[in-house]
Amino acid sequence: MTIVLTGRVIKAGRACGRALVSPAPIGFLGGVDPQTGLIREPGHPLEGQSLAGRVLVFPYGKGSTVGSYVIYSLACNGVAPAGMLLAECEPIVALGAIMAGIPTLDKLDIAQVQSGDWVCIEGDRIEVERG
Amino acid sequence: MLAGAHGPAVQRAMEMVVALARIYGAHGLVEIKSAQVAGVSYANIGDSGLAFLSHWADEGAKVRAPALLNPAGMDLQAWREMGVPEDFAAKQLALVQVYARMGVKATCTCAPYLLPTNPLPALGDHLAWSESSAVVYANSVLGARTNREGGPGALAAAIVGRTGNYGLHLDDARQPSESWLVTAPLPSDADWGALGIAIGRASRGVPYIRLQGPPVASADASATADHLRLFGAAAAAAGSMSLFHMEGVTAEARAGQVRPPDTEQAIISALDEVYASLNSPIEHLDLVAIGCPHASLAQLEEVARFLGGRHVATPLWLMASRAILGQAQARGLAEVLAASGARLLADTCVVVAPLKLMGIRSVATNSAKAAFYLPGHQGAAVRFGPLERCLEAALCGSWR
């Protein structure tokens, strides 16, 4: 089954990867380990999971503005998400995505994507393959 | 720029400016007269920030608009005397160096509007400033137009010379939405800061403020400006306020560009509760800190007058820009202050210096903004009061 979604381009580019869907917002400073790409915020629904190479799907970013630089560090360390899809992208994630060169879209119905789906982003178009 | 014709550094900057403009629903971009960039303290942005900024500088990033830096985590020259650890200092110096490579001036001040070498923003000028106390001063007292930009956003704006035309760049967002009457007397500098906390905490929009009693504009002009700085800094810290109008005082109110709103008037008749909320019941002080926002020459003169050659018993930091300290030096004022045992610090302040690493746990200050931030950001207990009371505490060694 293939679902096609469109969104608003925050950082243009092409990327494919397995979806990792977070029902909760993500704060990158303190919430994600820049060395390993592991989510380490205590009590976060994705605590302990790695976002390296995944298409990270989450409602919006939260927390310190230094989070933009943390996203850049993830890319330097080779553990950044391949792409990011958000319901509503705020400046912290937007600038981090541009710094790190991670294709990122927002203004889309993230409920359409499930963890493990194969997701490809190209321009403002997203293809989601399930099963 | 967006297509990459000016190279990858400019392309990246333009992508950032355009992304922010889209997110905020901007009406295109506006040219800026200057940028002021936060995110300078290594304690704040860390290795991740240093890594990205170095990469951007390596790509050839250079500012087009004049750009100034916010304070760093230490005095860039006298950090040893401050007691800042060696490895922190090395990283901090590297960070300022990276900004300098991009053409950002290492002014390292939160009060860029006091710098003698930089043109004062004028009514209607568009800026991309990020320090909250400078943003509220530029918007309100000077009538220039800036949103509170994040550090990377302000730097990106400086590199392309433009920022998104949204928020406080637009006429509509600058009209007052709430009405305040201040009947509390404001005899001291600390009262102005306390008033800033009171209004900043409760405000949900753009306040229009009337003061009962003598109009401020008739008082000594530089004292008025310093009081407005303490007020705005506190209001911005307590409630993210970026613009206020004060009848007969602020730029757009004086120019007749704004009208008092029809809303019901909130009244502030006392500030006791603010003082109670900012004070811890401590007597011993590790430090007395004056100059948040960075002190003006007039404020340094006031300190020297009060000390009158007497020597302090508690470390006293006087925080200002290097440019203002240069003026103080030229007038012999720095020498007088140093003879009283005061430490004149440039480039940094008590809010961003690594206080914990330096063993500082209790601070007295005349700045409501510093008093608001120190417990949470620095884990320090605070005494907050007028300049004279802080200096008295510095002289006798404890808060009384």
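Below, read A as the first sequence line, B as the second, and so on, with proteins coming before strands; counting in each chain starts at 1.
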Most contacts with chain A, counted as non-hydrogen pairs under 4.5 angstrom, among B/A19, B/G153, B/G150, B/A51: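 Going by pairs under 4.5 Å, I would pick B/A51.
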
Any side-chain donor-acceptor pair under 3.5 Å between [X] and [Y]?
| X | Y | result |
| --- | --- | --- |
| B/T348 | B/W79 | no |
| A/Q112 | A/D109 | yes |
| A/E127 | A/T2 | no |

Contacting region of A/K11 [heavy-atom separation from chain B under 4.5 Å]: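 The answer is the side chain of A/K11.
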
Contacting moiety of A/E90, where chain B heavy atoms sit under 4.5 Å: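 For A/E90, the contact with chain B is made by the backbone alone.
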
Show the numbers, then the answer: is there a salt bridge (charged side-chain N to carboxylate O under 4.0 Å, His left out) between B/E131 and B/K369? CA-CA 13 Å; B/E131 155 60 29; B/K369 170 180 177 171; 2.9 Å; yes

Taking side chain as everything from C-beta outward and backbone as N, CA, C, O, which of these in B/L20 sits under 4.5 Å from a heavy atom of chain A? Side chain, backbone, both or neither.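 B/L20 touches chain A through side-chain heavy atoms alone.
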
So what's closer than 4.5 Å to chain A heavy atoms on B/L53: side chain, backbone, both or neither?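 The side chain, not the backbone.
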
Between A/C120 and A/C16, is the SG-SG gap less than 2.5 Å?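 Yes - the two cysteines, A/C120 and A/C16, have SG atoms within less than 2.5 Å of each other.
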
